[in-house]
Amino acid sequence: MKNVRLRWFTRDEEFPFFIQYGEHAEDFSLHKHTDFSELVIVLNGHATHIVNDEISFIKKGHVFVINGETTHAYKDPCSFEICNIMYKPEMMIQLGSDLRSFEGYHAMFVLEPLYHNKKSINKHMYLSLNNMDFIEEFIADMIDEYHGKRPGYKTLLTSKFTELIVYLSRHHESSGKTIEGQVMHLAAAVSYIEDHYLEHITLEGIALYANISVRHLNRIFKSFYQTSPIAYLQRLRMERACQLLRLTNLPITQVSYQSGFNDSNYFTRLFTKTYGLSPKLFRQKEMVMAESTSE
C-alpha cells in the first residue's frame with residue numbers, strides 16, 4: 001500500500017493546499033494520505049470505490065472526504081474524471097467559527113471521514129445536475145486561480161474553499177440523511193454543544209436536541225470521539241478560558257463566568273487538573289512567553 005504525502009503535490013509550507021483535475025483510465029491502487037485530507041468531487045463517468053475493506057459504486061455527482069487514516073482505491077474506471085482538493089486538516093480550524101455549530105459541516109467534513117476509518121459507508125453525498133453545473137464552474141475558477149498565482153491568490157483560494165465547504169455542507173444538511181442515522185444524531189449533538197457551550201446546558205438537553213436517549217448519546221460520542229459529551233463540553237470551555245487568560249486582564253472569577261462556569265472555585269480546580277497550572281500561574285507563564293517572543 002502506498003503512503004501519499006502532500007509535499008508530492010506542493011512544497012508551499014505556508015499554504016498547504018492543492019487542487020487539480022484527475023483522470024483515471026486505469027485502476028488506482030490502495031493508498032492513504034499520511035498528512036492531509038482530500039475532498040473528492042466526481043465530475044464524469046463512474047468507478048468502483050474501495051474504502052478500507054468495503055466497496056461502493058460512484059459516479060458523476062458524488063462528493064466525499066477522505067482523511068489521512070483511511071485507505072482507498074479506485075477500480076474499473078469508465079470515463080472517470082474527478083477534482084481532488086487536498087488540504088491540511090489545520091486549515092479547517094482557521095475557517096469561520098460558525099461552521100463548528102453547523103450540523104451539515106460536522107456530518108460531511110468531520111464525522112463521515114472519521115466514520116470511514118471505522119466502518120466504510122456505501123452512501124456518498126450526491127449532487128444533482130444543476131448543482132454540478134455550479135460546482136464545475138466554481139472549481140474551474142479555483143483551478144485557474146491556483147495555476148495563475150496572481151497577487152492575492154492564496155487569500156482568494158482560501159475564501160473560495162470556504163465558500164465551497166459551506167455550499168456542500170448546506171446541501172448535505174438539506175438533502176436528507178446520506179449517512180447512517182447515528183452520525184447525523186451525533187452531528188446535531190456536537191453542533192449544539194459548540195453553539196451553546198458558554199451557556200448552562202445539560203446532558204439531557206443535548207440528547208433532547210439530538211433526538212436520542214442520553215444512553216445512546218454517550219455511546220456514539222464515545223465511539224467517535226473517545227470521550228463523553230460532558231468532557232467535550234469542558235474542553236471547549238477550557239480552551240475559551242485559556243484564550244481569555246492570554247488576551248485579557250479579566251479577574252479569574254470573570255474568566256470563569258465568561259467560559260461557561262458558574263463556580264470559580266470548581267473552574268480553578270478543573271483548570272489546574274487539566275493543565276498542571278492554576279489559571280493565575282498559566283497567565284503569568286503566557287505573559288513571560290509573549291514578552292520573550294517580542295524581544
Let me check something: do Met86 and Tyr21 share a hydrophobic cluster, defined by ILVMFWY side-chain heavy atoms less than 4.5 Å apart, either directly or through other members? yes
Here the pair of heavy atoms bringing Ser259 nearest to Ala241 is OG-CA, 3.2 Å
Ignoring hydrogens and angles, write down the donor-acceptor pairs under 3.5 Å from the side chains of residues 35-47, residues two or more places apart or on other chains.
residue: Asp35; atom: OD1; partner: Leu6; partner atom: N; Å: 3.0
residue: Asp35; atom: OD2; partner: Lys88; partner atom: NZ; Å: 3.2
residue: Glu38; atom: OE1; partner: His33; partner atom: NE2; Å: 3.1
residue: Glu38; atom: OE2; partner: Asn84; partner atom: ND2; Å: 2.4
residue: Asn44; atom: ND2; partner: Ser79; partner atom: O; Å: 3.2

So CE of Met142 and OG of Ser159: to nearest 0.5 Å the spacing works out to 9.5 Å
Are the ring centres of Phe57 and His49 closer than 6.0 Å? no
*Above 12 or not: heavy atoms from other molecules or residues under 6.0 Å from CZ of Arg219?*
yes
Taking distance alone, no hydrogens or angles, what donor-acceptor pairs closer than 3.5 Å link side-chain atoms of residues 262-271 to residues at least two apart or in another chain?
residue: Asp263; atom: OD1; partner: Asn265; partner atom: N; Å: 2.9
residue: Asp263; atom: OD1; partner: Tyr266; partner atom: N; Å: 3.2
residue: Tyr266; atom: OH; partner: Gln234; partner atom: NE2; Å: 3.2
residue: Thr268; atom: OG1; partner: Ser264; partner atom: O; Å: 3.0

task = Look only at the side chain of His31 and the backbone of His72, and say whether a donor-acceptor pair between them is shorter than 3.5 Å.
result = yes
Does some side-chain heavy atom of Leu127 sit less than 4.5 Å from a side-chain heavy atom of Leu168?
yes
Residue pairs meeting salt bridge (charged side-chain N to carboxylate O under 4.0 Å, His left out), one or both in residues 197-211, sequence neighbours left out, come to none
**Q.** His62 side chain to Lys59 backbone, donor-acceptor under 3.5 Å
**A.** yes
_Atom NZ of Lys149 with >12 non-hydrogen neighbours under 6.0 angstrom_ = yes
Tell me, do Pro16 and Met91 make a side-chain contact under 4.5 Å, heavy atoms counted?
-> yes
More than 12 foreign heavy atoms under 6.0 Å from CG of Leu129: is that the case here? no
In terms of heavy-atom contacts, Pro229 and Asn218 come closest through CD-OD1, 3.1 Å
Taking atom types as modelled, is there a side-chain donor on Glu26 or Tyr74 under 3.5 Å from an acceptor on the other? no
query = So, for Tyr87 and Phe17, is the gap between ring centers shorter than 6.0 Å?
reply = no
Residues at least two apart in sequence or cross-chain that pass ring pair (Phe, Tyr, Trp, His ring centres under 6.0 Å) with Tyr153, listed by chain then number, are none
Closest non-hydrogen atoms of Arg283 and Leu244, given as atom of the first, atom of the second and distance, are NH2-O, 3.8 Å
In this structure, CD1 of Ile230 is separated from CZ of Phe221 (nearest 0.5 Å) by 9.0 Å
For residues 232-253, the salt bridge (charged side-chain N to carboxylate O under 4.0 Å, His left out) pairs (sequence neighbours left out) are Arg235-Glu239, Arg246-Glu286
Nearest heavy-atom contact between Ala231 and Ser228 is N-OG, 3.0 Å
Q. Hey, does the side chain of Asn3 reach the backbone of Lys32 with a donor-acceptor pair shorter than 3.5 angstrom?
A. no
Note: Ile252 and Lys280 closest approach over all heavy atoms is CD1-N, 4.2 Å
Taking every heavy atom of Ala207 against every heavy atom of Leu217, the minimum-distance pair comes out as N-CD2, 3.8 Å
field: Glu145/Arg150 ion pair, N-O < 4.0 Å
entry: yes
- Side-chain touch Gln258/Gln243, heavy atoms, less than 4.5 angstrom: no
Checklist entry - Under a 4.5 Å cut-off applied to non-hydrogen side-chain atoms, are Tyr167 and Phe134 in contact? => result yes
| In terms of heavy-atom contacts, does NZ of Lys160 have more than 12 from other residues, nucleotides or ligands at under 6.0 Å? | yes
Here the salt bridge (charged side-chain N to carboxylate O under 4.0 Å, His left out) pairs for residues 8-22, sequence neighbours left out, are Asp12-Lys154
Practice item. Check whether any side-chain N or O of Thr10 sits under 3.5 Å from a backbone N or O of Arg7 as a donor-acceptor pair, and report yes or no. Key: no
_Evaluation steps, ring-ring contact (aromatic ring centres under 6.0 Å, His included), between Tyr146 and Phe18_ = CA-CA 8 Å; Tyr146 188 86; Phe18 183 79; 5.5 Å; yes
